[in-house]
Amino acid sequence: MATDGAADRRRPPPQTLRTGNNGNCVMSLSNRLRLMPNKDHKAESYEDLEQLEFSPLLFSSLERYLPPTMLNASRDLKLQYMRDILHRYSPESERTRVQRHREYRQKIITHYQPLKRELYTLQAEKFFVPSFLRAISENTEDSFRSILSEPSPGVYTFEMLQPDFCELLVTEVENFQGWVNETNFRIMRPNTMNRYGCVLDDFGLETMLDKLMEDFICPISKVFFPEVGGSTLDTHHGFVVEYGIDRDVELGFHVDDSEVTLNVCLGKQFSGGDLFFRGVRCDKHVNSETQSEEIFDYPHVPGHAILHRGRHRHGARATTSGRRVNLLLWCRSSVFRELKKYQKDFSNWCGECKREKKERQRQSIAATKLEILKRDGQTA
């Protein structure tokens with residue numbers, strides 16, 4: 001939304017973060033968040049509040065970063081405190097975009113009649129295979145590893161969805177697309193790369209997918225992806241993509257706009273379409289060369305999921321026959337994204353940063369050895 005110069009001059013400058021003497025992340029004004037969360041604090045739910053400018057999960061996630069004096073305050077007071085911070089960080093243009101998208105989504109939900117209403121409330125026993133449910137129920141690293149395979153570092157595969165659920169979701173998507181065609185309603189596609197598919201959140205499945213992320217993906221991500229915000233996931237982007245001769249055929253080399261990505265094949269009958277992975281990279285190194293140990297290809301299996309970091313470079317090979325449909329959940333952490341702005345070294349997860357750090361260490365050791373040899377030679 002355009003604004004005139006006078007309005008821009010009246011707007012206060014954007015706020016910045018600094019690190020205080022107590023290690024807290026401090027706003028330039030009074031409100032501030034702690035750098036480290038209070039892991040023992042049980043955050044409140046904000047799901048029942050309407051007309052929130054931001055995701056209810058975002059408020060629940062941020063609450064753990066409130067200063068100690070705020071943790072036991074009333075929910076309304078905490079909400080206002082966090083809103084104040086978020087408004088200072090979120091540009092007016094972004095808030096306008098979010099509001100317009102909310103109106104777009106409400107227009108769809110008002111007019112679209114779901115076909116399979118049982119999908120819109122998460123029913124774990126009907127959606128997931130028993131082995132996955134047991135692992136989540138036990139909620140330990142050992143229970144997760146009992147169902148996970150790690151065919152390549154940082155890439156986890158497992159059986160997840162019941163065949164009936166896959167069929168129901170595909171049927172609901174087809175029904176929605178039929179409504180779109182009949183009404184000539186112009187919908188937003190899942191991302192800038194896929195021309196086919198739809199955003200599930202836009203026609204009523206957002207609450208179900210929120211619960212999927214919070215109750216079933218977050219426990220695994222906390223264990224296997226803590227260094228990229230896996231323990232603070234608070235928002236998601238859920239969508240379905242379609243591949244085939246009359247759909248998208250392949251997907252180019254890219255990274256996802258997520259901290260953690262869940263990708264589950266829903267079917268149907270198809271050939272080809274393998275995913276190929278080429279190492280995890282930060283923004284600086286996203287186009288760096290691939291090392292031989294980073295090369296990995298994954299063939300899709302209906303009902304089976306693959307879980308990986310969003311920054312894990314990948315693409316999809318051509319689907320040579322049939323039709324392939326996949327459910328994707330891009331899980332995001334606003335806390336991780338904010339903290340990442342103030343970091344320069346990502347060697348705990350970026351493959352190229354890690355290699356550069358090892359090379360610096362090797363050179364330092366070599367220089368030290370050379371200096372010692374020189375001193376020993378002079379002494380002799």
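- Between Lys284 and Glu352, none of the side-chain N atoms (NZ, or NE/NH1/NH2) sits under 4.0 Å from a carboxylate O, so this pair counts as no salt bridge.
- The CZ atom of Phe127 lies 10.5 Å from the CD atom of Gln162; values are rounded to the nearest 0.5 Å.
- Ion pairing between Asp297 and Arg317 holds under the 4.0 Å rule for side-chain N and carboxylate O.
- Ionic pairing of Arg323 and Asp246 is not present here: no N-O contact between side-chain nitrogen and carboxylate oxygen is shorter than 4.0 angstrom.
- A salt bridge between Glu242 and Arg324 is absent, with no side-chain N of the basic residue lying under 4.0 Å from a carboxylate O of the acidic one.
- No donor-acceptor contact under 3.5 angstrom links the side chains of Arg83 and Gln80, judged on distance only.
- Between the side chains of Ser146 and Ser143, no donor-acceptor pair of N or O atoms lies under 3.5 Å.
- Shortest non-hydrogen contact noted between Ile187 and Arg189 is CD1-NH1, 3.5 Å.
- Rounded to the nearest 0.5 angstrom, Lys211 NZ and Leu205 CG are separated by 15.0 Å.
- Side-chain contact, Arg313 with His254: no donor N or O sits under 3.5 Å from an acceptor N or O.
- Arg355 contributes atom CZ, which lies 14.5 Å from atom CZ of Arg362 (distance to the nearest 0.5 angstrom).
- The aromatic rings of Phe203 and Phe176 sit parallel to each other, their planes meeting at less than 30°, with 60° as the upper class boundary.
- Between Glu294 and Arg281 there is a salt bridge, since a side-chain N of the basic residue sits under 4.0 Å from a carboxylate O of the acidic one.
- Residues His312 and Asp256 have side chains that never bring a donor and an acceptor to within less than 3.5 angstrom of each other.
- With 3.5 Å as the limit, one finds a donor-acceptor pair spanning the side chains of Thr110 and Gln106.
- Under the 30°/60° scheme for interplanar angles, the aromatic rings of Phe59 and Tyr46 are found to be tilted.
- Relative ring orientation between Tyr156 and Phe224 is described as tilted, the plane-to-plane angle lying within the 30° to 60° band.
- With rounding to the nearest 0.5 angstrom, the CD1 atom of Ile136 is 12.0 Å from the CZ atom of Arg134.
- Under a 4.0 Å N-O distance rule, the pair Asp257/Arg337 qualifies as a salt bridge.
- Under the 4.5 Å side-chain heavy-atom criterion for ILVMFWY residues, no single connected hydrophobic cluster contains both Ile306 and Leu233.
- Aromatic ring pairs are classed by plane angle as parallel below 30°, tilted from 30° to 60° and perpendicular above 60°; the pair Trp349 and Phe346 is tilted.
- Under 3.5 Å, the side chains of His236 and Glu206 contain no donor-acceptor pair of N or O atoms.
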**Message:** Quick one, Phe128 with Phe216, criterion ring-ring contact (aromatic ring centres under 6.0 Å, His included). Give me CA distance, side-chain angles, the key distance, then yes/no.
**Reply:** CA-CA 10 Å; Phe128 306 122; Phe216 296 91; 4.7 Å; yes
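- Asn38 and Tyr65 are not linked by any side-chain donor-acceptor pair at a separation below 3.5 angstrom, with hydrogens and angles left out of the test.
- A salt bridge does not link Arg311 to Glu259: none of the charged nitrogens lies less than 4.0 Å from a carboxylate oxygen.
- In this structure, a donor-acceptor pair under 3.5 Å is present between the side chains of Ser347 and Asp345.
- Here Val255 sits in one hydrophobic cluster together with Val286; the rule is ILVMFWY side chains under 4.5 Å apart, joined directly or through other members.
- Using modelled atom types, one finds no donor on one side chain facing an acceptor on the other under 3.5 Å when comparing Asn263 with His308.
- No hydrogens or angles considered: a donor-acceptor pair under 3.5 Å links the side chains of Asn194 and Tyr243.
- Annotation: the span from Phe239 atom CZ to Asn191 atom CG amounts to 5.0 Å, rounded to 0.5 Å.
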